[in-house]
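A short write-up of the structure that comes next.
Values in this document were obtained by computation on a predicted structure and should not be read as measured data. Heavy-atom basis, side chains included; hydrogens, waters and symmetry copies ignored.
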Amino acid sequence: MNNIYLIGMPGCGKTTLGKEVSKEFKLCFIDLDLYLAEKENCSIEEIFSKKGEEYFRKRETYYLNEVSKNKKFIVSTGGGIVLFDENIKTMKDTGFVIFIDTPPDIILNNSTLSGRPLLKDKNKIFALYEERYEKYKKASDFIVENLSDIKTAKDKICNILKLKIIKNAKN
């Protein structure tokens, strides 16, 4: 099995779902934002405020390439990973991509947006969703709706992985 990349809006459940699914399948889990922050020895919010979004995006691409060399990892990506075709190509070349589709109103009701530099203004989440939605769809191999029931979304992802494992075993 190749890597599984979870994409979607900040607060859509990528990290929570990634951790749960990784336990179920006994796979390693990486939250790319946390990995980047650890490697840079600085929080994401500090990177944005001190070095800017452009610096962050370059480092995000660098660390995605580093992480993509692993096999059988579940990777929760940052919400903006789809902004660059290079990142999408890396994910597609080394695994498959699941878009966790959670509407902005549900994100606002279910999560805290603290520490998410692009969402300090809660209204911005609607604009980002509008801006990125088609990019998420285009980049994904599968779409899983997360409408506030983590167990249902987790079960859908697990079913996708089981089908992939069966399909790979037949080939």
Side-chain angles (χ1 to χ4, degrees), residues 1-36 44 57 60-111 113 116 118-119 125-126 128-171:
M1 179 189 296
N2 292 327
N3 293 325
I4 300 106
Y5 297 95
L6 304 179
I7 64 171
M9 289 291 294
C12 73
K14 298 180 300 277
T15 298
T16 302
L17 289 165
K19 287 177 181 177
E20 290 296 315
V21 173
S22 69
K23 287 180 203 169
E24 180 98 8
F25 284 88
K26 295 177 179 50
L27 299 171
C28 294
F29 171 76
I30 291 181
D31 180 308
L32 191 60
D33 279 349
L34 293 177
Y35 184 81
L36 185 156
I44 300 300
R57 296 292 172 209
E60 182 178 53
T61 295
Y62 176 83
Y63 291 118
L64 173 65
N65 286 323
E66 188 173 284
V67 165
S68 71
K69 292 180 173 90
N70 297 305
K71 297 286 181 222
K72 299 181 183 177
F73 273 57
I74 295 182
V75 181
S76 169
T77 65
I81 200 80
V82 297
L83 297 176
F84 299 96
D85 291 340
E86 174 185 353
N87 294 339
I88 296 167
K89 181 175 178 1
T90 297
M91 291 186 291
K92 295 276 197 184
D93 287 350
T94 61
F96 63 95
V97 181
I98 300 174
F99 168 29
I100 308 301
D101 185 9
T102 307
D105 55 329
I106 292 176
I107 291 171
L108 288 172
N109 287 333
N110 290 342
S111 70
L113 298 176
R116 299 174 194 266
L118 294 179
L119 300 178
I125 195 165
F126 293 94
L128 277 178
Y129 186 81
E130 185 74 26
E131 173 190 319
R132 294 178 179 176
Y133 186 77
E134 288 303 318
K135 293 177 192 305
Y136 290 135
K137 278 180 39 178
K138 185 178 178 189
S140 65
D141 297 302
F142 301 94
I143 299 173
V144 171
E145 286 186 326
N146 183 14
L147 304 176
S148 77
D149 179 7
I150 287 292
K151 183 182 179 335
T152 300
K154 176 192 160 218
D155 290 346
K156 289 177 185 177
I157 294 170
C158 288
N159 288 335
I160 289 167
L161 296 183
K162 288 173 188 171
L163 290 172
K164 290 291 277 180
I165 291 168
I166 292 167
K167 182 180 176 185
N168 288 342
K170 289 182 179 180
N171 291 337

Atom pair [atom1] ([X]) and [atom2] ([Y]), whose distance is rounded to the nearest 0.5 Å:
X: Ile157; Y: Ile98; atom1: CD1; atom2: CD1; value: 5.0 Å
X: Lys19; Y: Leu17; atom1: NZ; atom2: CG; value: 11.5 Å
X: Asp155; Y: Glu20; atom1: CG; atom2: CD; value: 10.5 Å
X: Asp31; Y: Leu36; atom1: CG; atom2: CG; value: 10.0 Å
X: Asp141; Y: Lys164; atom1: CG; atom2: NZ; value: 6.5 Å
X: Ile150; Y: Leu147; atom1: CD1; atom2: CG; value: 10.5 Å

Q) With sequence neighbours excluded, what pairs up with Phe29 under the ring pair (Phe, Tyr, Trp, His ring centres under 6.0 Å) test? A)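 Result, ring pair (Phe, Tyr, Trp, His ring centres under 6.0 Å) vs Phe29: none returned.
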Would you say [X]'s side chain and [Y]'s backbone share a donor-acceptor pair under 3.5 angstrom?
X: Lys14; Y: Gly8; value: yes
X: Tyr5; Y: Val97; value: no
X: Asn87; Y: Ile81; value: yes
X: Asn65; Y: Thr90; value: no
X: Asn146; Y: Ala153; value: no

Q: State, to 0.1 Å, how close Lys137 and Ile143 come at their nearest heavy-atom pair, and which atoms those are.
A: CG-CD1, 3.9 Å
Q. What is the minimum heavy-atom distance between Pro10 and Gly79, and which atoms define it?
A. CD-CA, 4.2 Å
Q | NZ/Lys135: more than 12 non-hydrogen atoms of other groups inside 6.0 Å | A | no
Q. Of Thr94, Ile4, Val67, which is the lone residue that meets side-chain contact (heavy atoms from CB on, under 4.5 Å) with Val75?
A.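 Of the listed options, the one satisfying the test is Val67.
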(Q) Check this for me, if you would: do Glu86 and Lys89 make a salt bridge, where the nitrogen-to-carboxylate-oxygen distance has to be below 4.0 angstrom? (A) no
Would you call [X] and [Y] a side-chain contact if the rule is heavy atoms closer than 4.5 Å?
X: Thr102; Y: Glu145; result: no
X: Glu60; Y: Asp33; result: yes
X: Asn70; Y: Ile30; result: yes
X: Lys138; Y: Ile88; result: no
X: Tyr136; Y: Met9; result: yes
X: Glu130; Y: Phe126; result: no

Q: Applying salt bridge (Lys or Arg N to Asp or Glu O under 4.0 Å), name anything that partners Asp85, two or more places apart in sequence or on another chain.
A: none
Q: Would you please test Glu24 and Leu161 for side-chain contact (heavy atoms from CB on, under 4.5 Å) and show each step?
A: CA-CA 11 Å; Glu24 180 98 8; Leu161 296 183; over 6 Å; no
Q. Can you name the residues that form a side chain to side chain contact (heavy atoms under 4.5 Å, CB included) with Glu66, not counting sequence neighbours?
A.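 Residues passing side chain to side chain contact (heavy atoms under 4.5 Å, CB included) with Glu66: Tyr35, Lys39, Tyr62, Tyr63.
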(Q) What I want to check is whether the side chains of Asp101 and Tyr129 have a donor and an acceptor closer together than 3.5 Å. (A) yes
